[in-house]
**Q** 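The structure's right below; bear with me while I get my questions together.
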Amino acid sequence: MRESWHDFFAESPDVLKADGRQQTVVRVLDVEIGADEFVTMAGPCSVETEAQLLATAHHVLRGGARILRGGAFKPRSSPYSFQGLGLDGLKLLARARQQTGLAIVTEVMSEDHVPMVAEYADILQIGSRNMENFTLLEAAAHSGRPILLKRGMVATVADFLRSAQCVLANGNPNVILCERGIRTFETATRNTFDVTAIALLKQISHLPVIADPSHAAGHRELVPALARIAVAAEADGLIVEVHPNPDTAWSDGEQTLDFAAFDAMMISLEPYIALRAARSAVCEPAGDELMEAVG
């Protein structure tokens, strides 16, 4: 890593690569995030009903997902939008884990909720609106659960790493960084997918890095392409929204994949994941080997 990066990100020393510092691998149940396997987290934006959640959990498991995502508490821009099922949603997520064996990632919005969410979830997600809520970050760190930290919608990479530093400084080394798009002048998409940030984070940080193409795009038809781009940028995984019938979803249906689209996306990722594995095996594979890896 260039020495100048240490100076540029001097306020986040513990999240940066350094001599003798190993790549962080976050272990959750039987899943390792940040190791050789590319890990997909998938599920609905919001937990709605038992039937909806269990149908989705079983389908994404068959499709290759290793972790189930689902919102029990939902931060919404409008006070009139669905805010989540709360504790009932957490109990449904735990039931889905019991049936499928999938680990659970769900968002925690308040430090007061941390003990309750940590009781049911395997990974605590800190959403983009709370990336700089340092009271929440400290409470989540002390829960002992791994933290999935989403980049704030107007946060620089330096801001992002300072928030990760807060979690590590409070005794929790298990942080997963998530690029979910940033707010720019562009309005055709929900956010602007900053693929450069993924490549940069993989260069400078030892923490796992995943991408959220659903929130980056805001349009379901763009999600598979952004997912492939994330793999090419050497992300360690994806978190993506999936629903049995997105047109009837209680939140974010326009950016959510149905089951068929999820399956098609997972198939389309296979050659990119193979290329990622080839890059891991040799630093500079020859051109013919690259072409063979992508078919």
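Hydrogens, waters and symmetry mates are skipped; everything else that's a heavy atom, side chains included, is used. Predicted model, so just to flag it, every value in this text is computed and none were measured.
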**Q** Indicate the atoms forming the closest heavy-atom contact of K17 with Q203, along with that distance.
**A**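 Between these two residues, the closest heavy atoms are CD-O, 3.4 Å.
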**Q** Enter the distance from L269:CG to R228:CZ here, rounded to the nearest 0.5 Å.
**A**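 Result: 7.0 Å between the selected atoms.
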**Q** Does a side-chain heavy-atom distance below 4.5 Å link V25 with P208?
**A**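 Heavy-atom side-chain distance check fails, nothing below 4.5 Å.
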**Q** Can you name the closest pair of heavy atoms from L226 and A217 and give their distance?
**A**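 Looking at all heavy atoms of both residues, the closest pair is CD1-CB, 3.7 Å.
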**Q** Quick check: do H215 and Q255 have side-chain heavy atoms less than 4.5 Å from each other?
**A**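 Side chain of H215 against side chain of Q255, heavy atoms only: contact under 4.5 Å found.
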**Q** Which heavy atom of A235 sits nearest to which heavy atom of R276, and what is that distance?
**A**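 Residues A235 and R276, closest heavy atoms: O-NE, 3.0 Å.
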**Q** Run the numbers on V15 and F9 for side chain to side chain contact (heavy atoms under 4.5 Å, CB included), then give the verdict.
**A** CA-CA 9 Å; V15 308; F9 298 108; over 6 Å; no
**Q** What are the two closest heavy atoms between N172 and R145, and how far apart are they?
**A**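 Looks like ND2-O, 2.8 Å.
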**Q** Would F185 and T192 satisfy side chain to side chain contact (heavy atoms under 4.5 Å, CB included), going step by step from the backbone distance to the final call?
**A** CA-CA 9 Å; F185 55 81; T192 297; over 6 Å; no
**Q** When you measure from the side chain of Q98 to the backbone of T100, do you find a donor-acceptor pair of N or O atoms at a distance under 3.5 Å?
**A**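 Such a contact is absent between Q98 side chain and T100 backbone.
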**Q** Any donor-acceptor pair under 3.5 Å linking the side chain of H58 with the backbone of Q99?
**A**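 No: the side chain of H58 does not pair with the backbone of Q99.
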**Q** Are Y272 and V39 co-members of a hydrophobic cluster defined by side-chain heavy atoms under 4.5 Å apart?
**A**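 Shared cluster, no.
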**Q** Going by side chain to side chain contact (heavy atoms under 4.5 Å, CB included), I123 matches just one of T106, I104, V105. Which one?
**A**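 Among T106, I104, V105, the one meeting side chain to side chain contact (heavy atoms under 4.5 Å, CB included) with I123 is V105.
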**Q** Contact between R129 and M153 at the side-chain level, heavy atoms closer than 4.5 Å - yes or no?
**A**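 A side-chain contact under 4.5 Å exists here.
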**Q** Looking at side-chain heavy atoms only, is the closest gap between T24 and V26 below 4.5 Å?
**A**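 Counting from C-beta outward, T24 and V26 do come under 4.5 Å.
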**Q** Indicate, with yes or no, if I267 and V242 share a hydrophobic cluster defined by side-chain heavy-atom contacts under 4.5 Å among Ile, Leu, Val, Met, Phe, Trp and Tyr.
**A**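 V242 does not cluster with I267.
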**Q** Does atom CZ of R183 have more than 12 heavy-atom neighbours from other groups under 6.0 Å away?
**A**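 Counting other residues, nucleotides and ligands, CZ of R183 stays at 12 neighbours or fewer.
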**Q** Checking V175 against L177 for the side chain to side chain contact (heavy atoms under 4.5 Å, CB included) test, could you report, in this order, the C-alpha distance in whole Å, the side-chain angles of both residues, the deciding distance, and whether it holds?
**A** CA-CA 6 Å; V175 177; L177 302 174; 4.2 Å; yes
**Q** Taking the side chain as C-beta and beyond, is there a heavy-atom pair between I204 and L161 under 4.5 Å?
**A**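 Yes - at least one pair of side-chain heavy atoms lies under 4.5 Å apart.
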**Q** Test of understanding: clusters of I, L, V, M, F, W, Y form through side-chain heavy atoms closer than 4.5 Å, transitively. Do V117 and I126 belong to the same one?
**A**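 Result: yes, single cluster for both.
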**Q** Salt bridge check: are R62 and D263 linked by an N-O gap of less than 4.0 Å?
**A**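 The answer is no: the pair does not qualify as a salt bridge.
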**Q** Does the side chain of Q165 reach to within under 4.5 Å of the side chain of P13, using non-hydrogen atoms?
**A**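 Yes, side chains in contact.
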**Q** How about L87 and Y120: do any of their side-chain heavy atoms sit closer than 4.5 Å?
**A**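 SC-SC contact between L87 and Y120 confirmed.
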**Q** Would you please name every residue forming a ring-ring contact (aromatic ring centres under 6.0 Å, His included) with H206, sequence neighbours left out?
**A**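 If we apply the ring-ring contact (aromatic ring centres under 6.0 Å, His included) test to H206, skipping adjacent residues, there are no hits.
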**Q** Could you state the interatomic distance from CG (L148) to CD (Q125), rounded to the nearest 0.5 Å?
**A**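 Separation between the atoms: 5.5 Å.
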**Q** With a 6.0 Å cut-off (strictly less than), is the heavy-atom count around CD of E254, excluding the residue itself, greater than 12?
**A**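 Correct, the count exceeds 12.
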**Q** How long is the gap from CG on L102 to CG on L29, to the nearest 0.5 Å?
**A**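 Result: 9.0 Å between the selected atoms.
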**Q** Do the side chains of L238 and L61 join up, straight or via other hydrophobic residues, at under 4.5 Å, putting them in one cluster?
**A**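 Looking at the clustering, L61 is in the same group as L238.
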**Q** Return yes if some donor-acceptor pair links the side-chain N/O of R21 with the main-chain N/O of L16 below 3.5 Å, else return no.
**A**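 Yes, the answer is positive, given that a donor and an acceptor are paired below the 3.5 Å cut-off.
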**Q** For the residue pair C166 and L137, what are the closest heavy atoms and their distance?
**A**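 Taking every non-hydrogen atom into account, SG-CB, 4.0 Å.
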**Q** Donor-acceptor check, side chain of D258 to backbone of N245, threshold 3.5 angstrom: yes or no?
**A**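 Judged by distance alone, no pair lies under 3.5 Å.
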**Q** Is the backbone N or O of R162 less than 3.5 Å from a side-chain atom of S12, with the two atoms forming a donor-acceptor pair by type?
**A**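 Checking the backbone N and O of R162 against the side chain of S12, a donor-acceptor pair under 3.5 Å is found.
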**Q** So if you build clusters from Ile, Leu, Val, Met, Phe, Trp, Tyr with side-chain heavy-atom gaps below 4.5 Å, do L222 and M266 land together?
**A**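 No; tracing contacts between hydrophobic side chains, which count when under 4.5 Å, never links both residues.
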**Q** Given 3.5 Å as the limit, does a donor-acceptor pair link the side chain of R220 with the main chain of G253, or not?
**A**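 Checked: pair present.
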**Q** With a sphere of 6.0 Å drawn around CD of E186, does it hold more than 12 non-hydrogen atoms of other residues, nucleotides or ligands?
**A**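 Enclosed: over 12 neighbouring heavy atoms sit under 6.0 Å from CD of E186.
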**Q** Under 4.0 Å between a side-chain nitrogen and a carboxylate oxygen: does that hold for R151 and D159?
**A**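 No, R151 and D159 are not salt-bridged.
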**Q** Taking N133's backbone N and O only, do any of them form a donor-acceptor pair with E111's side chain (distance below 3.5 Å, no angle check)?
**A**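 No; judged by distance alone, with no hydrogens or angles, the pair does not exist.
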**Q** Are the side chains of D252 and S214 in touch, meaning some heavy atoms are under 4.5 Å apart?
**A**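 Result no, sub-4.5 Å side-chain heavy-atom pair not found.
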**Q** So that I can tick it off, tell me whether E107 and K150 are bridged by a salt bridge, with the cut-off set at under 4.0 angstrom between side-chain N and carboxylate O.
**A**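 Not counted as a salt bridge, because no side-chain N and carboxylate O are separated by less than 4.0 Å.
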**Q** I would like to know whether I33 and N174 meet side chain to side chain contact (heavy atoms under 4.5 Å, CB included); could you show each step before the answer?
**A** CA-CA 10 Å; I33 305 159; N174 294 309; over 6 Å; no
**Q** Restricting to non-hydrogen atoms, name the atom on D122 and the atom on P146 that form the minimum distance, rounded to 0.1 Å.
**A**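 Shortest heavy-atom separation between D122 and P146 comes out as O-CD, 3.2 Å.
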**Q** Is R69 paired with E241 through a side-chain N to carboxylate O contact shorter than 4.0 Å?
**A**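 Salt bridge: yes.
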**Q** Evaluate whether atom CG of N170 has more than 12 neighbouring non-hydrogen atoms of other residues, nucleotides or ligands under 6.0 angstrom away.
**A**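 Above 12, so yes.
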**Q** Under a 3.5 Å distance rule, please check whether S163 uses its side chain to pair with a backbone N or O of M131 as donor and acceptor.
**A**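 Answer holds: yes.
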**Q** Look at the side chain of R180 and the backbone N and O of S128, then say whether any donor-acceptor pair between them is shorter than 3.5 Å.
**A**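 No: the side chain of R180 does not pair with the backbone of S128.
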**Q** Strictly distance-based, threshold 3.5 Å: is any side-chain N or O of E48 a donor or acceptor partner for the main-chain N or O of W250?
**A**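 The answer is yes, because a donor-acceptor pair under 3.5 Å joins these two groups.
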